[in-house]
Novice: 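I'd like to ask you about the structure that follows.
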Amino acid sequence: MKKLAMIGCGGIGTYHLEHFLKYDDVELAGFCDLIPERAASFARQTGGKAFTSFMEMYDDIQPDMVFICVPPTAHGEMELEAIRRGIHLFVEKPVSLDLDLARKIRDAAEAAGIITASGFQCRYSNLVEPTCRFIDAHEIVFVECARIGGIPETPWWIKRSTSGGQIVEQTIHQFDLIRYMFGEPDTVFTMGTRGFVTGVEGYDTEDLTVTSVRFKSGALASISTGCYASDGAAFDSKITFGARDAHLDHYILSKAVIYGEKPVEEPVDESGLVIRGDGSLRRPDENQARQILEEGDAGYLCDRTFVEAVLSGDASAIRSPYADAVRTLAFTLACNKSMDSGLPVNVEA
Ligand SMILES: NC(=O)c1ccc[n+]([C@@H]2O[C@H](COP(=O)([O-])OP(=O)(O)OC[C@H]3O[C@@H](n4cnc5c(N)ncnc54)[C@H](O)[C@@H]3O)[C@@H](O)[C@H]2O)c1
């Protein structure tokens with residue numbers, strides 16, 4: 001049986017563990033965390049072994065795949081050493097805060113034929129396909145999205161030097177989905193503001209940012225993200241894809257609603273009225289909305305697709321390979337660069 005290991009048994013590690021516990025075709029072999037109790041707890045739940053050093057874990061259990069679930073600044077040697085040993089890699093987002101390091105890992109993994117994936121589970125939502133179909137069928141002019149929340153409790157989150165800030169650490173999911181479903185960004189211009197979050201010791205990142213994006217297609221986006229809000233004040237907006245003749249609201253992992261789509265399947269009588277099921281007539285309503293609901297578990301699917309790729313050797317179903325996650329990282333780091341310089345920044349390909 002192939003052996004699975006994990007580094008980082010914190011918040012997102014717990015989420016992945018819940019998925020792993022449903023597997024009967026993989027050995028949950030090793031769990032590593034700098035905090036021994038965390039690794040021990042995961043090991044107890046799975047029958048695997050606990051470690052505080054990833055190197056010792058690699059030596060001891062010789063895993064076939066490793067899930068890397070550590071804070072953004074802890075990446076590097078754990079990936080490079082895994083690649084040297086032929087261990088396949090699932091790396092949580094953001095895959096690093098250092099673009100050069102991420103590219104080095106990407107290139108090494110590619111050269112070694114390592115199967116990779118990253119934690120962009122929203123790509124596995126059943127809403128992605130209908131949204132992509134809508135985007136293919138309508139020329140998109142404008143994309144709009146906002147994510148307003150509070151401050152996560154992980155100690156490393158409050159400093160931009162250890163989290164990357166909210167765009168890179170959190171709203172990267174929205175940036176990634178927009179890239180994946182719509183297209184590549186060309187230029188970003190981001191403004192940030194501070195001073196609205198008070199009383200959080202050590203906090204030194206933006207409370208709110210607003211990013212304008214110009215895409216290679218010429219379309220524009222406005223993407224906002226804030227961590228100033230307490231419970232009731234928080235809101236996670238939809239991502240709206242606006243065309244001249246219709247628009248689609250993509251509520252991540254919840255629903256997609258299409259407005260303005262012409263009802264193509266409805267029978268129409270000679271005068272142009274729509275024939276209802278009971279034979280009565282009504283005017284065609286071009287503004288009627290069509291709603292598609294989230295089904296299934298995109299997070300489970302994201303993990304399972306990677307594991308099955310390692311089991312079969314076929315990585316073609318992975319929607320979020322490491323190399324692609326590096327592009328999303330570049331998108332978000334360009335926003336930080338723009339914020340710091342006060343200038344528009346070209347997103348590196
Ligand atoms: N895909 C998602 O939706 C999602 C959600 C939450 C977090 N994340 C990402 O997952 C990563 C971790 O976030 P978290 O909330 O789990 O953080 P966390 O602080 O709860 O957990 C991280 C764990 O990694 C351990 N760790 C740090 N350095 C290590 C090292 N060198 N060796 C072994 N263990 C080490 C820490 O002790 C900690 O237990 C972040 O990059 C975050 O952005 C992704």
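Counting convention: from 1, in listed order, for ligands and their atoms alike.
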Novice: Does M78 come within less than 4.0 Å of ligand 1, judged by its heavy atoms?
Specialist: yes
Novice: Side chain, backbone, both or neither: which part of C69 comes within less than 4.0 Å of ligand 1 when only heavy atoms are counted?
Specialist: backbone
Novice: Evaluate the side-chain proximity of R133 to P130: yes if any heavy-atom separation is below 4.5 Å, no if none is.
Specialist: yes
Novice: Using the ring of each side chain (for Trp, its six-membered ring), is H16 parallel, tilted or perpendicular to F20, with breaks at 30° and 60°?
Specialist: parallel
Novice: Do the side chains of E139 and R244 get nearer than 4.5 Å, heavy atoms only?
Specialist: yes
Novice: Check the angle between the aromatic planes of H247 and Y259 and answer parallel, tilted or perpendicular using the 30° and 60° thresholds.
Specialist: parallel
Novice: How would you list, by chain and number, every residue that makes a salt bridge (Lys or Arg N to Asp or Glu O under 4.0 Å) with R123, sequence neighbours excluded?
Specialist: D176, D324
Novice: Checking a contact table here: which protein heavy atom is nearest atom 21 (O) of ligand 1, and how many Å away?
Specialist: G10 CA, 3.4 Å
Novice: Number the atoms of ligand 1 from 1 as they appear, then name those within less than 4.0 Å of a heavy atom of T154, with their elements.
Specialist: 15 (O), 17 (O), 18 (P), 19 (O), 20 (O)
Novice: Out of all atoms in ligand 1, which are within 4.0 Å of some heavy atom of H173? Include the element for each.
Specialist: 1 (N), 2 (C), 3 (O)
Novice: Just grab all the ring-ring contact (aromatic ring centres under 6.0 Å, His included) pairs involving residues 310-346, residues at least two apart or on different chains.
Specialist: F175-F331
Novice: Can you list the atoms of ligand 1 that are under 4.0 Å from a heavy atom of I7?
Specialist: 32 (N), 33 (C)
Novice: If we set the cut-off at 4.0 Å for heavy atoms, which region of W156 has an atom near ligand 1: side chain, backbone, both, or neither?
Specialist: side chain
Novice: Between T14, D176, D33, which one has a non-hydrogen atom sitting closest to atom 23 (C) of ligand 1?
Specialist: D33
